[in-house]
Amino acid sequence: MFEDLTAKLQGTFDRLAGKGKLNENDVKTAMREVKLALLEADVNFKVVKDLVARINERCIGAEVMKSLTPAQQVIKIVNEELIAILGDPGKLDLSGTPPQVIMLVGLQGSGKTTTAAKLASLLRKKKQRPLLVAADIYRPAAIAQLETLGKQLDIPVFSEGTAAAPPKIVAHALRQARQSANTVVILDTAGRLQIDEPMMRELEQVKERSHPAEILLVADAMTGQEAVNVAREFHKRVGLTGLILTKIDGDARGGAALSIRQVTGVPIKFTGTGEKLDALEPFYPDRMASRILGMGDMLTLIEKAEQAFDKEESAALEKRLRKGELDFEMFLSQLQQVKKMGSFSQILDLIPGISSIKNQLPQEVTDQQFKRIEAIISSMTLAERRNSRLLNASRKRRIARGSGTTVQEVNELLSQFRQMQRMMKNLGKMGGRGGGFQIPGLPL
Amino acid sequence: MVFSRAASIRDSLSRTRRSVFGQIAGLFGPGEVTEEFWEDLEELLIMADIGVDTTTALIAGLREDAVQRGMRRAEQVRGRLEERLVDILEASARPYLEGKRHLSVVLTVGVNGSGKTTSIAKLAKYHKDRGQRVMLAAGDTFRAAAIDQLKIWGDRVGVEVIASQPGGDPGAVVYDAIRASRSRGMDVLIIDTAGRLHTKYNLMQELKKVHGVAQKQVHRAPHETLLVLDATTGQNALSQAKVFKEAVKITGVVLAKLDGTAKGGMAFAIARDLELPIYFVGTGEKIEDLAEFDAHAFVDGLFEGD
């Protein structure tokens, strides 16, 4: 479903290429692809319409039509426009007299409580003295959740149970913050629907009582078309100063970021990148733009690989590989490490330009191939794994039986494996690439 | 324009549903079917998170219908569109927990913040109201205070919650809960699990283990594995459903948080591509705000103008 926009545009222009110079209609065809790609990424329909109109104008402005590589030109323009809308990453402004208040708002389940704790931890690293305030008196155990997180981080949490009204709790928390010389107060408010009138009024009252320096909308990266309504309404009621996009460690394209930016104009200040309490990162507009366009995200791939692979093991392995010592044991361990990174198709998604190839490799096939290879190697004895020359016809038959495959499949793997051995040897002879971490070769 | 969802869903909705895009009200008026109409219709469907693929397929089908049946007026197309949408949902429909057994085990899964714990509480009440004996298993041992949250709900509904210490093994909780359910003659055991993004390999492996524990302890369990989806989720919902289905054989979907202005349109792609039934919708924050899924009411909610 998520085909690479580059590949699609390439296809469109290839079809048009035969007839010579491109005209405005050709650009229009390309714009249809751009539009669909953005809609598939959950960018709001209205936002897409405006954006595509602007991109269309720039494309017609000669840059594309005269180009020898129109697809790349269109991508470049789309990318630039996306980065422009996403804007520069925002910074927190806590320059006023302490304590400065940061108020987190958003829908239920967007990740406010976790984000509050992450933010407190980050600010403490920057020499602030944060106080967390449990102002969600509605969700069962929301206060306990913040208190638990506070304890884990050793950061104080102010709470008054569920009986007091949030505006009052917040006023008391501020008094406490002044007394104990906290420099930043982070308000964890209850999740609420933007159309819930009493709850939105409560938010206005919390704001009046605490005069926040920052009012941040916490939004889930998986949000669909609704993102626009949510952001617009919260912005109208309390005046947002920034956005935190959570759960971007999933595979959502995150078009909501674009929609919210466009509707509110406030900067994106952080992204939530994991469940651990240090997983709050700055926002990178260029990474986000490629992600929205489905153009892969090499940086994320590299990060994933770094998490999955044991560095020392990789280094030792690389040494042996250079000597041409590849055996099935190493092969299997590589395979298992790659599997730790996720399904084969998820990994492919992260590689730019690969999705056109991926369409020819249905996921079931590739993931099953992985499994089959694993089964074959697992059916070998240790001696066979270390020395593939031992594999005669009768051994191959046994392995095929043991792994539920055929002798032909065992032979196929063996010939692929020998090819790789030769390749590794040659690579080793060619001399080293520089040190440091490298992604070990995919065993296919 | 005021939107509302018919029948049971409408009754449980306390808040007014308004569309920001008022111009769609006129879309299905007595007007002619023009190119502009098709464009507006596309917009309506996309804005409801139905997704590009499903929308394109729907509109192509409707255009054919319009030619073959000589439909000239927009209101005729609307009728046909509703039929097609309802067809998609009903093709994958299945009764929830069909058949009789001593103990029904319901496993709930989903990404972080989708509304699992609240949905479980509502589901517990749903079963209790039907005279069944219900027990809950606090399988989310990871998130801070998740166990407390389920226990509070358990108290409110009046059902027992089996839990371990925070950080404990969720598989062990499920094992204990199944034994407790059996010895106390429970009819339904609902298992909560920690929210996890479907892209996290290790967490999905852990979920498979939990699923496996239930499978080993009770014949054909879990009898339902429910994916709880946030109705405000966009196209990623399909990816979630696909991966969770692969990992733990999802048998149905609970569409949570349908009380906002989000339309939950990705339910169509999930029904169409993955053949999963939508069993329930969450329609508010109160314990009784859970409605059995009604395809007609759901479709009406997409564009019914009052």
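Atom set for the values below is all heavy atoms of this structure, side chains included, hydrogens, waters and symmetry mates excluded. Predicted model only: the values in this text are computed from it and were never measured. Throughout, protein chains are lettered first and strands after them, A, B, ... in sequence-line order, and every chain is numbered starting at 1.
- Using a 4.5 Å heavy-atom cutoff, the side chains of Arg156(B) and Pro140(A) are in contact.
- Asp42(A) places a side-chain N or O within 3.5 Å of a backbone atom of Gln235(B) that can act as its donor or acceptor partner.
- Neither the backbone nor the side chain of Lys151(A) comes within contact range of chain B, judged by heavy atoms closer than 4.5 Å.
- The choice from Thr55(B), Ile46(B), Asp148(B) that makes the most heavy-atom pairs within less than 4.5 Å of chain A is Ile46(B).
- Looking at Lys112(A), neither its backbone nor its side chain comes within 4.5 Å of chain B, counting heavy atoms on both sides.
- For the residue pair Glu285(B) and Gly191(A), the shortest heavy atom distance occurs at OE2-O, 4.3 Å.
- Interface remark: Gln194(A) contributes side-chain atoms only to the contact with chain B (heavy atom separation under 4.5 Å).
- Between atom CG of residue Leu197(B) and atom CD of residue Glu275(A) there is a gap of 6.5 Å, rounded to the nearest 0.5 Å.
- The distance from atom CG of Leu45(B) to atom CD of Gln225(A), rounded to the nearest 0.5 Å, is 11.0 Å.
- In this structure, Lys200(B) and Asp249(A) have side chains that are in contact, with non-hydrogen atoms separated by less than 4.5 Å.
- Expressed to the nearest 0.5 Å, how far CG of Asp251(A) lies from CD of Gln240(B) amounts to 8.0 Å.
- In summary, Glu42(B) and Arg32(A) engage in a salt bridge, as defined by a charged side-chain N under 4.0 Å from a carboxylate O.
- At least one donor-acceptor pair under 3.5 Å links the side chain of Lys247(A) to the backbone N or O of Asn112(B).
- Interface remark: Leu203(B) contributes side-chain atoms only to the contact with chain A (heavy atom separation under 4.5 Å).
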Open item on the list: Checking Asp53(B) against Glu40(A) for the side chain to side chain contact (heavy atoms under 4.5 Å, CB included) test, could you report, in this order, the C-alpha distance in whole Å, the side-chain angles of both residues, the deciding distance, and whether it holds?
Closed with: CA-CA 9 Å; Asp53(B) 284 356; Glu40(A) 274 174 359; 3.9 Å; yes

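- Salt-bridge formation is detected for the pair Lys46(A)/Glu43(B): a Lys NZ or Arg NE/NH1/NH2 atom is positioned less than 4.0 Å from an Asp or Glu carboxylate oxygen.
- Atom CD of Glu275(B) sits in a sparse spot, with 12 or fewer heavy atoms from other residues, nucleotides or ligands closer than 6.0 Å.
- Rounding to the nearest 0.5 Å places OG1 of Thr233(B) at 11.0 Å from CD of Glu226(A).
- By the 6.0 Å contact criterion, CD on Glu36(B) is open, its count of non-hydrogen atoms from other residues, nucleotides or ligands being 12 or less.
- In this structure, Asp230(B) and Gln108(A) approach most closely via the heavy-atom pair OD2-O, 4.3 Å.
- Smallest separation of non-hydrogen atoms from Ile152(B) and Ala141(A): CD1-N, 3.6 Å.
- We find the CG-OG1 distance between Asn229(A) and Thr232(B) to be 11.0 Å, quoted to the nearest 0.5 Å.
- When heavy atoms are compared at a cutoff of 4.5 Å, Ile143(A) does not approach chain B at all.
- Once rounded to the nearest 0.5 Å, the distance linking CG of Leu36(A) with OG1 of Thr56(B) reads 6.5 Å.
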